[in-house]
Amino acid sequence: MATQMRNDRGEGRDAWILAGIGQLATMDGDVNHGQGAGFRIAAADSLLIADGTIRAIGRAADLTARFPDATVRDAGGRLVTPGLVDAHTHLLYAGHRAYEVGLRAVGKTYLEILGEGGGILATVRATRAADDGEILAATRARLRHALATGTTTVEIKTGYDLTPEGELRLLRLIHQLRQEGPQRVVATFLGAHALPPEYAGNPRGFLQAIAAVHDALRGAADFVDIFCEPGVFELEEARVYLEDAKARGLKLKVHVDELHDAGGAALAAALGAATADHLAHTGAEGIRALAKAGTVAVLLPGTAGYLHQGAMANARAMLAAGVPVAIASDGNPGSSPTSSLSQVMPWAASWLRMTPEEVWVAVTRVGARAVGREGLGRLTVGGPADFVIWDTDDYRMPCYEYGHNFVRAVYIAGRRVAGS
Ligand code: NIG
Ligand code: FE
């Protein structure tokens, strides 16, 4: 078998074995028994990798006997997991909003800052004024940090231009970053992120102008999103906008119930959205609707904690109802200034009361489902060799100790792209 693989498919040359794995967390357990059951430690200590995929999972002695030409690297008894999938970020922008820290300290809320022309609109001004090179350089730096902290797949939203042409420009920049790699990049069009001053008092007119480019998004944007929140875009406005996108064959994600329970989760479910994101204020009715529709809940505990405006998503009720729960960073310059999903894992465990097993499944396998890349976020024979070696032998550590980067090395498609 080994000889045949080498001769017929040339795998002898670049096949390699990662041996000496302490805990190999594959995330391929049966989630029908609950999200935590999706977490599984394999009874194996080695992976055979060739052509960007995992070719075998087993014991080192067996794999080296079967593939004698393969190079062997030693994981030193460490934890190995799939690469993290960050299913919700706004990492493409210019500038920063450090001045908001002082405003929040004197009691200004997120929506008050936005209402006064700051917040998202401040980043819109900075991004409109920046040339492509500046935006790309700033975003590359964020993606490098994401990679160094374990993120191998990242969803990036547009949303900091708020003109039809400008939003398409941001989408092109996301494509350029996807082209450059090494991370796998998912592109979401969030032209409806806030109401720009040019359309003050006319949200419907603005949404119509943005929707005019929906046809151009087919094949270019993986998803269309909108910030549905009282005071930003109301439920009915979001419904009309999203129905238009859906009718044009686009897949949906929705920012809902971040700061109020305005029925956003039920809207996402009714429209068959792939995900409903935030959900900090979603009540029992919204959770039932998500469960029935099979919509993935993308929870962002870093955002709720950072804004510190009260509610945390009711993850326990969602999990009990059978809603698949992803955890994402929401990396953005206002409500969650980070590009690291792994740094959010302790907050998911502590603030959302998720078990380490549930958190791991949320940042890998369910995250992959949330971005429509079901093959990612698991370590399976035949699947992509995207994985992280963590500097610990205990999978609970990254859910426990905050502010520490446990990442030792990161691999995408079998190639080391960060660490040593
Ligand atoms: O998901 N809520 C809307 N959008 C982002 C924040 C964007 C920003 O403040 O720049 C979020 O929290
Ligand atoms: Fe967001």
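Along the sequence shown, residues carry numbers from 1. Counting convention: from 1, in listed order, for ligands and their atoms alike.
- For atom 12 (O) of ligand 1, the nearest protein heavy atom (residue, atom name, distance) is S335 OG, 2.6 Å.
- No side-chain donor-acceptor contact under 3.5 Å links H281 and D257.
- For atom 11 (C) of ligand 1, the closest non-hydrogen atom of the protein is D330 OD2, 3.2 Å.
- Using a 3.5 Å distance cut-off with no hydrogens or angles, the side chains of Y110 and H308 do not pair a donor with an acceptor.
- Of the protein's heavy atoms, E258 OE1, 2.7 Å lies nearest to atom 2 (N) of ligand 1.
- The side-chain heavy atoms of R353 and M312, taken from C-beta on, include no pair separated by under 4.5 Å.
- Side-chain contact annotation: S329 with D86, donor-acceptor N/O pair under 3.5 Å present.
- Side chains of T158 and D161: no donor on one and acceptor on the other come within 3.5 Å.
- At least one N/O/S atom of D330, whether from backbone or side chain, sits less than 2.8 Å from the Fe ion (ligand 2).
- In terms of protein heavy atoms, atom 5 (C) of ligand 1 is closest to H90 NE2, 3.5 Å.
- Here H255 reaches the Fe ion (ligand 2): one of its N/O/S atoms is less than 2.8 Å from the metal.
- What sits closest to atom 7 (C) of ligand 1 on the protein, heavy atoms only, is Y160 OH, 3.2 Å.
- From the protein, the heavy atom lying nearest to atom 6 (C) of ligand 1 is Y110 OH, 3.0 Å.
- Summary: NE2 is the N/O/S atom of H90 found nearest to the Fe ion (ligand 2).
- The shortest contact between atom 4 (N) of ligand 1 and any protein heavy atom is with H193 NE2, 2.8 Å.
- Look at T123 and you'll find every heavy atom at least 4.0 Å from all atoms of ligand 1.
- In this structure, Y411 and F387 have parallel ring planes: the angle between them is below the 30° cut-off, well short of the 60° mark.
- Below 30°, between 30° and 60°, or above 60°: for H90 and H88 the angle between ring planes is between 30° and 60°, a tilted geometry.
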